[in-house]
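Quick notes on the structure that follows.
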Amino acid sequence: AGTQDGRIKMKAFDTATVDAATIQEALKRPSQRSTDMIMGIVKPIIDDVRVNGDRALLSYTHKFEKATSLTSPVLNAPYPDHLMQLDPETIKAIDISYENIRRFHAAQAETKPLSVETMPGVTCSRTSKPIERVGLYVPGGTAVLPSTALMLGVPAMVAGCKTIALASPPRADGTLTPEIVYVAHKIGATQIVLAGGAQAVAALAYGTDSVAKVDKILGPGNQFVTAAKMHVSNDTSAGVAIDMPAGPSEVLVVCDATSHPAFVASDLLSQAEHGVDSQVILIAVGMTAAQLAAVDDEVHAQASALPRVNIVRGAIAHSFTLCVPTIEEAMRLSNQYAPEHLILQTEDPEAAAAMVEHAGSIFIGPWTPESVGDYSAGVNHSLPTYGYARQYSGVSLSSFTKHITASRLTREGLRNVGGAVMQLAKVEELDAHRRAVEIRMKWLDGEGKSE
Ligand code: HSO
Ligand code: ZN
């Protein structure tokens, strides 16, 4: 990996000179630790919390977060002011971001029920309802992430979820970063579970004496959190859903000769600083060696000045640049990779956006760094990673709702559709089904005669 001489540099492949198999290999994500191994660690923790509740939950928090002074695993609303003391700039930033996220997600609401008359007298309708109780996981680890609390909490609030629990690992002194408590207060979270990892997921899934059981668990996390979410969602006795499988964060940037090398590098690095397992990919369209070197120079210079330079080095080691001749080829490769974040810094970024088939979220043009979407623009930053953008959407209002359908037939409606029902029931040899229609049709015929 191109970090010899301390130089922080992504390796580069030119699709004109490198064979297709090498490009295909590069576009595969680095493999994750085996899920069997992770499940082996996670399963006993989940069982322990399921059986022993608060006592087990607290003991894992004492052990893993070193928060040995903690005597209760939860903070219940209302949260005392002294736990959310913030400077005015931070409050203002959270308030602006909250409002933009609220607006964008409120606009996603289905304001009136869908209703369709499929045949005369046969009406089908669909209504959306909030999921009643949700648990939102906000990771701890190398960065505190109040923005993730906003991205999960605001749509839950807008959707009208009745019980909103936030779970996040406390610091070693047993407290939580005040920004997260402030967000919990703003979104009306009923409870904050002071725990992380598989133990937090188990507490939310099964409930304990102090943690309320939820219906759905959402939020990113490390491989243990992801494995725990998958495990509890497979346990029918838990009756809990999850959002989506989460993997390391990633970005794909498409640039060309019109892009600002400094802008391009800054976007690559803002994703690379998330973790050593993050992946960043640059697709350069029709750029000369000198133009590519300018981007490389910016990557090195900007990365070297970052406090998290060592994390960046780790991420850059499995990241790369692909040089391609046309925007069509760039977008074909991008669609194949299905990036979590796709940044388009090209001459005509709207035209490139129109070619996107698979991506979590798109950032269009030179004035749209990914960070604006990570924090404040209004879009959600909880997005499908690891190629799951092929089949999953990011978190949205609909992540916190479900649909109920209804049908209502008139006499005429039953006459119109009844024959089809009876014939299909006959094919399936389900006579009770057939008779449920027949009995009514006969009744209608008799009623008709007596009139
Ligand atoms: N880019 C991250 C979200 C985030 N960035 C949180 C900053 N804070 C994953 O999509
Ligand atoms: Zn980010």
Side-chain angles (χ1 to χ4, degrees), residues 29 32 90 93-94 96-98 100-101 104-105 136-155 166-169 176-180 182-184 187 196 218-223 225-226 229 243-253 263-282 302-303 306-309 311-312 314-316 319 337-344 358-363 368-389 392-396 399:
R29 267 87 172 167
Q32 299 283 290
T90 306
I94 290 177
I96 289 171
S97 307
Y98 168 97
N100 288 350
I101 299 164
F104 184 56
H105 290 79
L136 314 178
Y137 187 82
V138 179
T142 66
V144 293
L145 298 170
S147 58
T148 300
L150 280 171
M151 294 297 173
L152 300 169
V154 173
L166 278 187
S168 197
L176 210 57
T177 159
E179 289 86 353
I180 293 183
Y182 178 60
V183 172
I187 60 157
L218 301 97
N222 60 23
Q223 295 185 61
V225 171
T226 301
K229 280 166 65 185
D243 47 358
M244 63 190 135
S249 213
E250 55 200 32
V251 70
L252 190 150
V253 181
F263 294 7
V264 171
S266 71
D267 286 339
L268 293 167
L269 294 173
S270 63
Q271 196 56 36
E273 77 172 346
H274 271 297
V276 288
D277 55 358
S278 298
Q279 188 170 48
V280 305
I281 296 176
L282 178 63
Q302 292 184 30
L306 289 171
R308 291 165 73 93
V309 58
I311 293 177
V312 169
I316 294 290
S319 297
Y337 184 75
E340 179 191 14
H341 306 96
L342 172 59
I343 303 186
L344 302 171
H358 313 295
S361 198
I362 313 176
F363 299 83
T368 321
E370 188 205 304
S371 358
V372 298
D374 279 352
Y375 293 115
S376 311
V379 294
N380 210 286
H381 82 199
S382 207
L383 298 167
T385 56
Y386 215 70
Y388 279 111
Y392 281 90
S393 319
V395 165
S396 69
S399 312

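Treat the numbers as computed from the prediction; the structure is a model and nothing was measured. First listed ligand is number 1; within each ligand, the first listed atom is number 1.
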Main-chain N/O of [Y] paired with [X] side-chain donor or acceptor, under 3.5 Å:
| X | Y | answer |
| --- | --- | --- |
| D243 | G219 | yes |
| N100 | S376 | yes |
| H358 | P339 | no |
| E250 | E340 | yes |

Checklist entry - When M244 is tested against each of V395, L218, T385 for side-chain contact (heavy atoms from CB on, under 4.5 Å), which residue passes? => result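 It is V395, the one option of V395, L218, T385 that forms the side-chain contact (heavy atoms from CB on, under 4.5 Å) with M244.
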Next on the checklist: Is M151 close enough to touch ligand 1? Criterion: a residue heavy atom under 4.0 Å from a ligand atom.
Outcome noted: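 Per 4.0 Å heavy-atom rule, M151 does not contact ligand 1.
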Which ligand 1 atoms are under 4.0 Å away from a heavy-atom of [X]?
| X | result |
| --- | --- |
| E370 | 1 (N) |
| E340 | 9 (C), 10 (O) |
| L145 | 6 (C), 8 (N) |
| S147 | 6 (C), 8 (N) |

Next on the checklist: Out of E250, H341, H274, H381, who is nearest to atom 5 (N) of ligand 1 when you count heavy atoms only?
Outcome noted: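 Comparing heavy atoms across E250, H341, H274, H381, the nearest one to atom 5 (N) of ligand 1 lies in H274.
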Next on the checklist: Measuring only between side-chain heavy atoms, which start at C-beta, is P220 closer than 4.5 Å to S382?
Outcome noted: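 Yes. Closest side-chain heavy atoms under 4.5 Å.
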Checklist entry - N/O/S of H274 less than 2.8 Å from the Zn ion (ligand 2)? => result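 An N, O or S atom of H274 is closer than 2.8 Å to the Zn ion (ligand 2), so yes.
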Checklist entry - At what distance is the nearest protein heavy atom to atom 9 (C) of ligand 1, and which residue and atom is it? => result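 So the nearest neighbour among protein heavy atoms is S249 OG, 3.3 Å.
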Next on the checklist: Checking one value in my table: which N/O/S atom of D374 lies closest to the Zn ion (ligand 2)?
Outcome noted: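 Of the nitrogen, oxygen and sulfur atoms in D374, the Zn ion (ligand 2) lies nearest to OD2.
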Item to check | Audit row: I343, T368, side-chain contact (heavy atoms from CB on, under 4.5 Å) steps and yes/no | outcome: CA-CA 8 Å; I343 303 186; T368 321; over 6 Å; no
